[in-house]
2 protein chains.
Amino acid sequence: MASQAEENYLKALLHLSSEKEAINVSALSTLLKVSKPTANSMIKNLKEQGYVHYEKYKPLLLTDAGRKAAALVVRKHRLTEMYLVEKMGFGWEEVHEIAEQVEHVKAPVFFDRMDELLEHPTEDPHGSPIPDKDGNILQRHYMSLSKCQAGDRVRLAALKNSSKDFLEFLDKRGLNLGVSVQVETVEPFDGSVVICYQEKRESLSAQVCNQLMVEYE
Amino acid sequence: MASQAEENYLKALLHLSSEKEAINVSALSTLLKVSKPTANSMIKNLKEQGYVHYEKYKPLLLTDAGRKAAALVVRKHRLTEMYLVEKMGFGWEEVHEIAEQVEHVKAPVFFDRMDELLEHPTEDPHGSPIPDKDGNILQRHYMSLSKCQAGDRVRLAALKNSSKDFLEFLDKRGLNLGVSVQVETVEPFDGSVVICYQEKRESLSAQVCNQLMVEYE
DNA sequence: TTAATAAGTTAGATTAATCTAACAAATTTA
DNA sequence: TAAATTTGTTAGATTAATCTAACTTATTAA
Ligand SMILES: [Mn+2]
Ligand SMILES: [Mn+2]
Ligand SMILES: [Mn+2]
Ligand SMILES: [Mn+2]
């Protein structure tokens, strides 16, 4: 079974490959906060195990087995986050660090039980999809709030970024997933947007709008 | 913060010292299934950190700091076991292996939340005491069922041994903690005991009775 | 009280995961 | 295209946790 380090690398590789098909070692080492030689040597190890395609100086690519293994780690991570929020009462900004550790528990039944108790959730507390038991990830195609126009009525469905700072920013404004939002104005100059929701009116910078994924109601 | 290995050694040392004040390296290495040199070198490490008193060839002794650190690991372990049984519906025979891993999560708030949700339990699913947040362990002085006499009416309060086999043996007979038991006969020859409980009559070997801790009702 | 056995230690090796320093290859910029 | 920059690799060292082999000390049995 994969070690904690291996599981973390697999997750990072899957994450990077979702933004750009081919992955480079630098991005991996930056994301995981390890040196490039460290990442390089782990890549050789993962190649040995059949999880990545790799040739010297060429970009990295997850194999099918690698993608599946990675998705199953993501599944454990997101089930844990959902469990922590729904069953233990944690805030969505607290759960990532805990899940980062709990995801490595070697006891499939533990995660299966979370899945059951949560009644097979399909998204985590930040709106990201929870891969199924075969490692398939149902990609939702939400739209960024920054693509909306004045007058649009949308529901906040997911976050592109789930950093603690951002989550706390949203908490302060009562911007939770599921909230229905009316786009009032879009400022052409800087892309900032004024929205109305739950009797509130807020102006959000383009940077924030980019991170907010919405769908039409 | 202590590594997983260090936490496991501390727990083992506390466990061994509960049976015999002074601990020897052999017992430790046997319990943890590592070689004696491995145990020896970890002892030197723990001594460096102020967790054990140790001089070459002399028996091992936990320091106050070591005993406290160990008790806090045991606290995490037992809170986890209790949480798994009470909140997640696991059987008492399934939880030890999972807790053995979860206990190493570095997130005090995670265990504090379990403690709250369980309303500050004082015993784990096997009747063992859960140390408090300062590492104090309230020792209950239960009596072994093998010390009982015909006619005694007692309640099953704890298990001295919680191996999977033993737990399954008890499950098959409906012998759960809290069950009220009437001692029918005690066989002087082999120490076996016939008990009545919940419309059932069972004969238990001395070996089993030794592991069953009871209290008068 | 010696001899046998058990317990404990030292030395040295191994593995996984990490690092820095040095260098090579690829890409970008001028 | 040549120079500068970025990216990737190799070599070699380190640390934690483990092992085996060989040896020493302590305990137990004859
Ligand atoms: Mn997360
Ligand atoms: Mn992790
Ligand atoms: Mn246990
Ligand atoms: Mn453990």
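When reading the values below, keep in mind they use all heavy atoms of this one structure, side chains included, and skip hydrogens, waters and symmetry mates. Everything numeric here is computed off the predicted structure, so don't read it as measured data. So that the names make sense, note that chain A is the first sequence line, chain B the second, and so on, each numbered from 1.
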Whole-Å distance separating the NZ atom of A:Lys56 from the C1' atom of D:dA11: 13 Å
Whole-Å distance between D:dT15 C1' and B:Glu48 CD? 15 Å
Under 3.5 Å, is there a donor-acceptor pair between the B:His104 and B:Gln4 side chains? no
Do the non-hydrogen side-chain atoms of A:Leu170 and A:Leu159 ever get within less than 4.5 Å of each other? yes
Output all residues satisfying side-chain contact (heavy atoms from CB on, under 4.5 Å) with B:Tyr57, sequence neighbours left out; order by chain, then residue number. none
What's the CG-P distance between B:Asn40 and C:dG12, to the nearest Å? 16 Å
Compare all side-chain heavy atoms of B:Leu28 with those of B:Leu13 and state whether any distance is below 4.5 angstrom. yes
Over how many whole Å does the gap from A:Lys47 atom NZ to D:dT9 atom C1' extend? 15 Å
Separation of B:Asn24 atom CG from C:dA6 atom P, in whole Å? 14 Å
Tell me the interatomic distance from B:Tyr54, atom OH, to C:dA7, atom C1', rounded to whole angstroms. 11 Å
Using a 4.0 Å heavy-atom cut-off across all strands, classify B:Lys58 as base, sugar-phosphate, or nothing. nothing
B:Tyr57 OH to C:dA6 P: how many Å, rounded? 18 Å
Restricting both atoms to N or O, compile the protein contacts to nucleotides 16-22 of chain D shorter than 3.5 Å, with distance only.
| unit_1 | atom_1 | unit_2 | atom_2 | d |
| --- | --- | --- | --- | --- |
| D:dA17 | OP1 | B:Ser3 | OG | 2.5 |
| D:dT18 | OP2 | B:Tyr9 | OH | 3.2 |
| D:dC19 | OP2 | B:Ser35 | N | 2.8 |
| D:dC19 | OP2 | B:Ser35 | OG | 3.1 |
| D:dC19 | OP2 | B:Thr38 | OG1 | 2.6 |

Counting only heavy atoms not in A:Lys106 (residues, nucleotides, ligands), do more than 12 fall under 6.0 Å from its NZ? yes
Judged by modelled atom types alone, do A:Trp92 and A:Asp171 share a side-chain donor-acceptor pair under 3.5 Å? yes
Provide, to the nearest angstrom, the distance between the NZ atom belonging to B:Lys44 and the P atom belonging to C:dG8. 13 Å
